[in-house]
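These notes are about the structure you will find just below.
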Amino acid sequence: MNSFWAVFKRELKSYFATPLAYVFLVVFLVVAGYLPFKNGFYEARQADLRLFFVNLPMLFAFMASVVAMRLWAEERKVGSVELLFTLPVTITQAVLGKFLAAWLFLGIALLLTFPMVVIVCYLGDPDMGLILTGYLGAFLVAGGFLSIGCFFSAVTKSQVIASVLSLLTCAIILLIGRPSTLNFLSKTGSGFFFLPGAIVPAAGIAYVILLILAWITMGELALLGALWFPVSWRGTEDVVGVLEAMSLQIHFDSMQKGVLQFGDVAYFAILIAGWITACAIILNERKAS
Amino acid sequence: MIEVKELRRSFGPVVAVDGISFSAEKGQVVGLLGPNGAGKTTAMRMITCYIQPDSGTASVCGHDILTDPIGARRSLGYLAENSPAYPEMTVGGFLKFICDVRRITGAKRKQALDRVVPMCSIESVYHQSIETLSKGYKRRVGLAQALIHDPDVLILDEPTDGLDPNQKHGVRKLINEMAKDKCIVISTHILEEVEAVCSRTIIVARGRILVDSTPKELKEKHHATLDEVFRKITQGKVA
């Protein structure tokens, strides 16, 4: 068996070896199932899952932070990281194996919400394509947040710090795209920056690189500073547009409309690849410290 | 089988290993001996490719640790200090995971488990989770993990630390049994252990090799017990 699969299998099993997995699943399913009904699922009299999907990003911000916090923090705390990296396993195999196991775990949690689909199918005649892209979007959001959690788990040995930092980052990435935030930013923008909209991918990559550099050169406080960077980056309408495009929210929203655009999928792919790469680099740096 | 050339590694201002070179062949049991903080663990971590040296290199069974770390790791078994493991796993599950990573599958896996489990006498705890084990059992599970692929090179970091006298005796007996067809490097600061198992002893202090000799020679040369020799050498009274 390939070392990647070995790590993947062990990680997935370890979720179910402790009561942790079941507690998560129950909490997730209860909250995910409760919120749509509280927000008027029946009253809307529409056979779709819009009210179900709309809560998922925020819920996943919490879930993914908690699921990902143990990935590397625990490994380093217990010392088993020394065992893992003296076995014939490369950093890439280990990082990917663990990340994908956690992603699959969240995928299982997401699949277990199938009664919602059964309900709308029973009550009406829903657009299955819309539901499928909805689930795909939710799964990609879970992956994006997990990759962030994975990174912070490699940054610190403390699971609590890892989960808080990751939740903070997830919330920022999510909330900068909310209309209220964008409104506020465009009103208070002081016009220091005149950036064209085409700079979006470059800004995203530069941001991740900045984060890594800040961490390596200056340590934890600098990292927090770097995290606040996009938030403090107020400016003209254009910059607000950039921030909006960097936010996870609008890419998720457009998938909820049943539109599967290359740009949206690419956004998630870049987000995940960027944070996972950062995770591997950081882990290589500090596995022994 | 192990070639170490001028390995050097520092952590910030502290030089942990300061240019260590030695080589060891099949059939040798090399004891790395030194006071705490001498750089024994750091040296072993570099040979097992866990951390990278600042300069210098080493090779294990012909696999260079810088250019082919996976090959080097594949041909060695390593028991780290405190024998790290996954606490929530059972002993059986843990050993099977090691087999998976080392690509030992099917009938070979059963063979390997049947060989290694009685060898380390962990049959009685096979289905127990590792966090419930005593230190001695944990250490032996770590040893089983290091032996499962029957490696040519075995690197053991303080293998008897924290064991009771009977268990210490057991581990030493095990090392002696394996000595003839493997190359074993153990680190320790217990001198009686050196006399009991090592065919060669390398005394390290402050990251440098001070003496590379056999326990017998050392005693004859200095006309003293190993204990006194060690103190003399590491405290710098005799060069």
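All chains are named by letter (A, B, ...) in the order of the sequence lines, taking the proteins before the strands, and each is independently numbered beginning at 1.
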Applying side chain to side chain donor-acceptor pair (under 3.5 Å) to A/Ser14 and A/Arg70, what does each step give before you reach the verdict? CA-CA 11 Å; A/Ser14 81; A/Arg70 50 180 290 281; 3.1 Å; yes
Contacting region of B/Phe94 [heavy-atom separation from chain A under 4.5 Å]: side chain
Nearest-0.5 Å distance, OG of residue B/Ser124 to OH of residue B/Tyr137: 3.5 Å
Interface residues of residues 97-116 of chain A facing chain B - non-hydrogen atoms under 4.5 Å apart: none
Per-residue contacts, residues 80-96 of chain A versus chain B, heavy atoms under 4.5 Å: A/Ser80, A/Val81, A/Glu82, A/Leu83, A/Leu84, A/Phe85, A/Thr86, A/Leu87, A/Pro88, A/Val89, A/Thr90
Cationic tip of A/Arg10 above B/Phe97 ring, under 6.0 Å, 45° of axis: yes
Do you know which of B/Met89, B/Gln52, B/Arg45 has the most heavy-atom pairs with chain A at a distance under 4.5 angstrom? B/Arg45
Please look at B/Ile98 and chain A and tell me whether the side chain, the backbone, both or neither of the residue comes under 4.5 angstrom of a heavy atom of that chain. side chain
Rounded to the nearest 0.5 Å, what separates atom CG in B/Leu95 from atom CZ in B/Arg102? 12.0 Å
Are the aromatic rings of A/Phe252 and A/Phe268 close, with centres under 6.0 Å apart? no
Quick check for you: to the nearest 0.5 Å, what is the distance between B/Ser21 atom OG and B/Lys5 atom NZ? 9.0 Å
Check: A/Tyr15 ring centroid to A/Phe24 ring centroid under 6.0 Å: no
Evaluate B/Ser187 against B/Asp157 for side chain to side chain donor-acceptor pair (under 3.5 Å), listing each step before the verdict. CA-CA 5 Å; B/Ser187 87; B/Asp157 198 349; 2.6 Å; yes
Supply the atom-to-atom distance B/Arg200 CZ to B/Ile184 CD1, rounded to the nearest 0.5 angstrom. 14.0 Å
Apply ring pair (Phe, Tyr, Trp, His ring centres under 6.0 Å) to residues A/Phe16 and A/Tyr22 and explain how you reach the verdict. CA-CA 7 Å; A/Phe16 295 97; A/Tyr22 302 99; 5.8 Å; yes
Examine whether an atom of B/Gln145 lies under 4.5 Å from a heavy atom of chain A, and if so say whether it belongs to the side chain, the backbone or both; otherwise answer neither. side chain
Decide yes or no on side chain to side chain donor-acceptor pair (under 3.5 Å) for B/Gln128 and B/Thr90, but give the supporting numbers first. CA-CA 5 Å; B/Gln128 232 168 295; B/Thr90 64; over 6 Å; no
